[in-house]
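Scroll down for the structure; my scribbles are underneath it.
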Amino acid sequence: MKRIGVLTSGGDGPGLNPCIRAVTRTAVSHGLEVLGIKRGYTGLIDNDVMPLDARTVGGILSRGGTILGTARSAEFRTPQGQREALRNLNRNSLDGLVVIGGNGSLTGASVLYEQGFPVVGVPATIDNDVGGTDIAIGVDTALNTILDAIDKIKDTASSHQRAFLIEVMGRDSGYLALMGGVAGGAELILVPEVETPLETVAQILVNAYIRGKAHCIVVIAEGYKPGTRAVVAYLEEHKEELGFEVRVTVLGHVQRGGAPSAFDRLLATRLGAAAVMELKEGRAGNVVGLVGNEIKITPLAEVLAKPKYFDMSLYELSKLMEK
Ligand code: F6P
């Protein structure tokens, strides 16, 4: 093994740069050359690459985003796209590849591995819906961004005696809403994994008002059905009965940026280094994750077959706190 590639793919998040840095510096320390592939699988198909060394990755530990850029590549899902990607991996004389990203990116990694190329995956997505790890890179920083927003919104909500709907990311996953809601002291958490009728949402607002609360904070995952707009429309229709006035804040992509937290920098450094050591020692087709406080290696196929489960016990705990 002489030369490895590294790419970041899918939705970005804080901690990608520390991971690129760890991959590069670990590889260099073990006598390997490193090629950065820009814009995820799109850049791999276009052969858009940049050499990385210990100095190129200097000063990026504290930076959000990814110096390599990222993309969601539709072309890589086609047989032609995959053929071009494999051709470029060989053209650049790469002996292995580290893929940093979420479930979509790891599905791409598994396609390359099934076609005989040595790949190791590193879970990075603020959604925290990747198996094989307790927590993915980016989650901790995103949660802290959410908490900062909830705390600030609570201040203004209390001053005005208002209810606030705060929408957080998570197309299919209620993880950020659940964790953010519990840690931020929300009166109600709405997630895709648990059905909560609109009448119940309205009733919780009314009950909070009757109990004399100064505010009512509802944290909504982007993927909650029937969606934030439907909640707003329903509450608007019933505004005479609510007590609270209602306002909405959609946090959006602010959750994906910013300097990575201490936890994310450490996680990214540990996982990036572990991914290189897997390749170096001749093992591939796996995901490196953090389970307990140990680095754990899980086959890509297993990670992709078993998506993460929603923590129902924490959801039940949140219900006890919504008083
Ligand atoms: O998968 C991460 C994520 O941030 C989701 O929570 C969100 O639904 C999605 O990406 C948004 O993607 P994009 O930035 O491509 O609009």
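Note that ligands are numbered from 1 as they come in the structure, with each ligand's atoms numbered from 1 the same way.
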Quiz: residues 95-103 side-chain donor-acceptor pairs under 3.5 angstrom, not counting sequence neighbours:
{"residue": "D95", "atom": "OD2", "partner": "K2", "partner atom": "N", "Å": "2.7"}
{"residue": "D95", "atom": "OD2", "partner": "R3", "partner atom": "N", "Å": "3.0"}
{"residue": "N103", "atom": "ND2", "partner": "D129", "partner atom": "O", "Å": "2.9"}

Within the 4.0 Å heavy-atom cut-off around ligand 1, the contacting residues, ordered by chain and number, are R72, D127, M169, G170, R171, E222, H253, R256

Excluding V248, membership of its hydrophobic cluster (Ile, Leu, Val, Met, Phe, Trp, Tyr; side-chain heavy atoms within less than 4.5 Å) reads L165, L188, L190, L198, V201, I204, L205, V206, I210, V218, I220, Y224, V231, V232, Y234, L235, L242, V246, V250

A side-chain contact here means heavy atoms from C-beta on lying under 4.5 Å apart; do R270 and L290 qualify? yes

Between P123 and L271, the two heavy atoms sitting closest are CD-CD1, 4.2 Å

Residues joined to Y209 in its hydrophobic cluster, side chain to side chain under 4.5 Å directly or through other members, sorted by chain and number, are F244

The residue among T26, V6, T24 that forms side chain to side chain contact (heavy atoms under 4.5 Å, CB included) with V276 is T26

